[in-house]
Structures are given as structure tokens and as C-alpha cells.
Amino acid sequence: MGPTTTTLADVLVPWFRAHARDLPWRRPGTTAWGVLVSEIMLQQTPVARVEEPWRAWLERWPRPSAMAAAPASEVLRAWGKLGYPRRALRLHAAAQAIAADHGDVVPADVETLESLPGIGTYTARAVAAFAHGQRVPVVDTNVRRVVARAVLGRADAGAAASRDLADTEALLPDDTADAATMSAALMELGATVCVARTPRCADCPVSGACAWQRLGRPAGDGPARKAQRWAGTDRQVRGRLLDVLRGAPGPVPAAALDAAWLTDPAQRARCLDSLLVDGLVEQLADGRFCLPGEQ
DNA sequence: GAACCGTGGGT
DNA sequence: TACCCAAGGTT
């Protein structure tokens with residue numbers, strides 16, 4: 001054994017205990033189901049927009065079996081405008097699988113979690129670590145950015161790679177409980193201090209050990225991400241169509257959807273078809289359209 | 001690996 | 001105003 005050295009975890013774990021935001025899904029007593037719901041809602045959606053819907057969901061559907069019993073239409077309405085509604089559909093399907101195949105208990109095993117709809121590399125490990133206390137690396141966009149800067153000395157994380165898991169696993173303390181806290185701390189640092197656009201290095205607990213800082217904060221290689229377009233995209237049109245159906249009490253005539261996008265009828269038709277393919281919309285025998293399972 | 005999938009707040 | 005970005009997953 002050589003001389004003991006201060007690790008990133010030695011600094012970040014205490015920092016997290018002192019500075020962590022009081023988010024509802026972090027409170028004692030939160031179930032694994034509650035953690036899973038929060039993780040799905042937080043996929044590409046900011047924390048501030050998730051807090052209220054999360055509370056409402058857990059009150060209405062406190063267990064997977066409760067949500068599994070609800071029609072998909074109600075799940076989509078409760079999802080509201082959180083975005084990417086396929087996430088809601090997959091969460092509904094995951095709840096049905098958990099209720100039917102796992103005794104209404106959210107699995108703790110990463111592989112089993114990954115086999116559920118809508119649960120990928122990140123979410124499976126987040127649930128394993130934050131809900132079940134396992135010592136597994138949890139790598140999201142925040143963690144990749146913190147590791148890129150503090151450890152690798154780069155301005156930004158590149159594209160996600162399989163290597164990310166090993167890079168992060170190396171930072172976890174041996175103690176299982178501390179490892180989960182470290183993962184939460186890395187995410188918290190990336191979300192509140194080591195942010196993408198204008199990092200607050202003056203307030204950073206690890207700036208003294210940061211490789212990017214040591215190198216003089218070199219600039220990145222330009223835009224790491226492609227600009228997201230929005231106006232006129234299929235995503236916008238699909239959003240408009242679904243918004244009509246969410247706002248209606250039941251099935252609507254085709255004309256109601258036509259009115260939602262007059263700019264380009266061909267695009268509107270194509271988007272409606274893709275929503276049908278995705279299972280986000282259904283058509284009744286009488287020609288009207290509705291949310292799935294509604295009738 | 002890249003494109004696609006919503007929505008809205010921050011700068 | 002435009003553009004950036006957000007606790008990703010699936011194809």
C-alpha cells in the first residue's frame with residue numbers, strides 16, 4: 001500500500017451530502033417504482049418540469065400494477081406535455097411486464113432491467129444504484145461531461161461510447177453505499193456546477209483536481225452536437241396531432257386532426273400514420289381517431 | 001454511428 | 001432572435 005491519496009469521491013461524496021438538491025424522488029421512503037418513474041420522466045426533460053407530474057403519478061399509480069391496469073390513453077394524458085410520449089407508452093408497457101412477470105417488484109438486476117421497454121444502459125444502472133443500492137456505474141450526459149473535464153481534461157464529452165462505463169466505474173469508491181452516492185454526486189455536479197454552456201468553476205469543489213482546469217480550460221472541437229431543428233419538423237406535427245387527442249374527452253373526427261396542421265396536408269397524413277404505427281394513436285371502425293385503449 | 005423522437009426554458 | 005440544451009432509448 002502506498003501513501004493514501006485524496007480521490008474525487010473523497011471530495012464529491014461529502015459535497016453531495018451537503019449540497020444536493022432536495023428532489024422529491026430522493027426523499028427517504030421513495031420506492032423503486034418511484035425511482036424508475038423519475039428516471040423515465042427525466043430522459044431528456046429538465047428536472048423542473050418533472051417534479052409536479054412525478055408527484056401526481058406516484059399518488060395515482062403507487063405501484064406498477066396500478067398503472068398497468070390503466071388504459072394507455074390515461075397514461076398519455078397524465079404524461080401531458082413532458083415530451084417524447086413514446087416514453088410514457090414504454091413505461092406503461094414496463095409496468096405491465098413488472099406486474100405480470102416480476103411480482104409487481106421493480107427488478108434490481110441490470111440485465112433484467114435492460115430487458116424492459118424504455119430502459120436502456122443509463123436507466124437500468126440508475127435504478128440498480130439509486131433504488132437498490134448496487135455498486136454499478138451510472139453514466140448520463142452530466143457524468144460524461146464531468147469525467148471529460150475533470151479526468152480527461154477536455155472541454156466537452158464526445159459522443160457516448162462503451163468506454164464511458166469503465167471510465168466511470170474507476171471513480172467509484174469500494175463501499176457500495178458510497179458508490180451510489182458518488183454516482184449521484186457526479187450527476188449533481190454536472191447538473192448544477194459543471195454545466196454545459198457556462199461552467200461555474202469558481203464554485204466547483206473539485207476544481208483543484210480538475211484536469212481541464214489544470215490545462216487552462218482549452219476550448220473544444222466546435223459544436224459537439226448537431227443543431228436541433230424544430231419548426232416544420234415531423235416532431236412538431238406529431239406533437240400538434242397528439243395535443244388535439246390529449247385535449248379531447250374521447251375519439252375525434254379526422255377533420256379535427258386535419259385542422260391541427262394546415263400547412264402541409266401530406267406531411268400531416270404521414271405523421272398521423274407514423275403515430276398509428278407507434279401505437280400512440282388508434283383509429284376506430286367509424287373512422288374517428290383516439291388515444292390508444294380509449295373507447 | 002447517426003437519425004429520429006417533444007417540449008420549453010435559458011442566454 | 002436564434003440557438004443551445006435537457007437524468008436517453010430505439011432503430
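Both backbone and side-chain heavy atoms feed into the values below; hydrogens, waters and symmetry mates do not. Each chain gets a letter, A, B and so on, in the order its sequence line appears, and its residues count up from 1.
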Minimum-distance pair of heavy atoms, taken over all atoms of [X] and [Y]:
{"X": "A:Pro64", "Y": "A:Asp104", "value": "CB-OD1, 3.2 Å"}
{"X": "A:Cys210", "Y": "A:Arg149", "value": "SG-O, 3.9 Å"}
{"X": "A:Glu282", "Y": "A:Leu291", "value": "OE1-O, 4.3 Å"}
{"X": "A:Leu12", "Y": "A:Pro205", "value": "CD2-CG, 4.1 Å"}
{"X": "A:Met187", "Y": "A:Val138", "value": "SD-CG1, 4.1 Å"}
{"X": "A:Trp212", "Y": "A:Ala155", "value": "NE1-CA, 3.5 Å"}

Show me the donor-acceptor pairs, under 3.5 Å and distance only, between side chains in residues 253-260 of chain A and residues at least two apart or in other chains.
residue: A:Asp258; atom: OD1; partner: A:Arg268; partner atom: NE; Å: 3.3
residue: A:Asp258; atom: OD1; partner: A:Arg268; partner atom: NH1; Å: 3.4
residue: A:Asp258; atom: OD1; partner: A:Arg268; partner atom: NH2; Å: 3.2

Return the value, rounded to whole Å, for the distance between atom [atom1] of [X] and atom [atom2] of [N].
{"X": "A:Asp140", "N": "C:dA6", "atom1": "CG", "atom2": "C1'", "result": "10 Å"}
{"X": "A:Trp79", "N": "B:dC5", "atom1": "CH2", "atom2": "C1'", "result": "13 Å"}
{"X": "A:Ile40", "N": "C:dT10", "atom1": "CD1", "atom2": "C1'", "result": "13 Å"}
{"X": "A:Gln228", "N": "B:dA3", "atom1": "CD", "atom2": "P", "result": "13 Å"}
{"X": "A:Leu36", "N": "C:dG9", "atom1": "CG", "atom2": "P", "result": "11 Å"}
{"X": "A:Leu76", "N": "B:dT7", "atom1": "CG", "atom2": "P", "result": "11 Å"}
{"X": "A:Arg229", "N": "B:dC4", "atom1": "CZ", "atom2": "P", "result": "10 Å"}
{"X": "A:Asp164", "N": "C:dA7", "atom1": "CG", "atom2": "P", "result": "15 Å"}

Can you check whether A:Cys204 reaches A:Leu189 side chain to side chain, under 4.5 Å on heavy atoms? yes

Side-chain heavy-atom pair A:Thr176, A:Gln134 within 4.5 angstrom cut-off: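 A side-chain contact under 4.5 Å is absent here.
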
Take atom CZ of A:Arg27 as the centre, draw a 6.0 Å sphere, and report whether it contains more than 12 heavy atoms from other residues, nucleotides or ligands.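 Counting neighbours around CZ of A:Arg27, more than 12 heavy atoms of other residues, nucleotides or ligands fall under 6.0 Å, so yes.
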
Neighbours of DNA chain C within [range], by heavy-atom distance under 4.0 Å:
{"range": "residues 84-100 of chain A", "value": "A:Arg86, A:Arg90"}
{"range": "residues 236-271 of chain A", "value": "none"}
{"range": "residues 10-29 of chain A", "value": "A:Arg21, A:Leu23, A:Trp25, A:Arg26"}

Any donor-acceptor N/O pair under 3.5 Å between B:dG8 base and A:Thr45 side chain: no

For residues 43-53 of chain A, which residue pairs qualify under salt bridge (charged side-chain N to carboxylate O under 4.0 Å, His left out), counting only residues two or more places apart or in two chains? A:Glu51-A:Arg55, A:Glu52-A:Arg55

For [N] and [M], measure between their [atom1] atoms and round to the nearest Å.
{"N": "C:dT1", "M": "B:dG6", "atom1": "P", "result": "26 Å"}
{"N": "B:dC5", "M": "C:dA2", "atom1": "C1'", "result": "22 Å"}
{"N": "B:dC4", "M": "C:dA7", "atom1": "P", "result": "23 Å"}

Remember a base hit wins even if backbone is also touched, and classify [X] as base, sugar-phosphate or nothing at under 4.0 Å, heavy atoms.
{"X": "A:Ala126", "result": "nothing"}
{"X": "A:Asp278", "result": "nothing"}
{"X": "A:Thr141", "result": "sugar-phosphate"}
{"X": "A:Thr123", "result": "sugar-phosphate"}

Without placing hydrogens or testing angles, list every side-chain donor-acceptor pair under 3.5 Å for residues 88-103 of chain A, not counting sequence neighbours.
residue: A:His92; atom: NE2; partner: A:Met67; partner atom: O; Å: 3.4
residue: A:His92; atom: NE2; partner: A:Ala70; partner atom: O; Å: 2.8
residue: A:Gln96; atom: NE2; partner: A:Ala68; partner atom: O; Å: 3.4

What residue pairs, at least two apart or across chains, pass ring pair (Phe, Tyr, Trp, His ring centres under 6.0 Å) with a residue in residues 33-68 of chain A?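 Pairs touching residues 33-68 of chain A that pass the test: A:Trp25-A:Trp54, A:Trp57-A:Trp61, A:Trp57-A:Trp79.
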
Could you go step by step and tell me if A:Asp278 and A:Arg238 meet the salt bridge (Lys or Arg N to Asp or Glu O under 4.0 Å) rule? CA-CA 11 Å; A:Asp278 287 350; A:Arg238 285 166 55 107; 2.8 Å; yes

Could you work out, with salt bridge (Lys or Arg N to Asp or Glu O under 4.0 Å) as the rule, every residue matching A:Arg60, not counting sequence neighbours?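 Result, salt bridge (Lys or Arg N to Asp or Glu O under 4.0 Å) vs A:Arg60: A:Glu74.
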
In chain order, what residues pass the salt bridge (Lys or Arg N to Asp or Glu O under 4.0 Å) check against A:Arg21, with sequence neighbours excluded? A:Glu188

Choosing from C:dA6, B:dT7, C:dA7, which nucleotide comes nearest the side chain of A:Trp230?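 Given the options C:dA6, B:dT7, C:dA7, the side chain of A:Trp230 is closest to B:dT7.
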
Any side-chain N or O of A:Gln44 less than 4.0 Å from the OP1 or OP2 oxygen of C:dG8? yes

Contacts to DNA chain B from residues 106-122 of chain A, heavy-atom cutoff under 4.0 Å, which residues? none

Audit row: A:Gln43, A:Thr123, side-chain hydrogen bond (donor to acceptor under 3.5 Å, both in side chains) steps and yes/no: CA-CA 9 Å; A:Gln43 291 171 0; A:Thr123 304; 2.9 Å; yes

Give the intermediate values and the outcome of salt bridge (Lys or Arg N to Asp or Glu O under 4.0 Å) for residues A:Arg144 and A:Asp156. CA-CA 8 Å; A:Arg144 293 199 305 111; A:Asp156 297 290; over 6 Å; no

Give me the one residue out of A:Glu39, A:Glu111, A:Glu114 that meets salt bridge (Lys or Arg N to Asp or Glu O under 4.0 Å) with A:Arg125.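 That would be A:Glu114.
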
Could you list the protein-to-nucleotides 9-11 of chain B atom pairs, N/O on both sides, closer than 3.5 Å?
residue: B:dG10; atom: N2; partner: A:Arg197; partner atom: NH2; Å: 3.3

Where each pair must be Watson-Crick or G-U wobble with both distances under 3.5 Å, what dot-bracket representation of DNA chain C is obtained, with crossing pairs in [ ] and other-strand partners as |? .|||||.||||

Could you walk me through whether A:Thr7 and A:Asp10 pass side-chain hydrogen bond (donor to acceptor under 3.5 Å, both in side chains), step by step? CA-CA 5 Å; A:Thr7 65; A:Asp10 292 333; 3.1 Å; yes

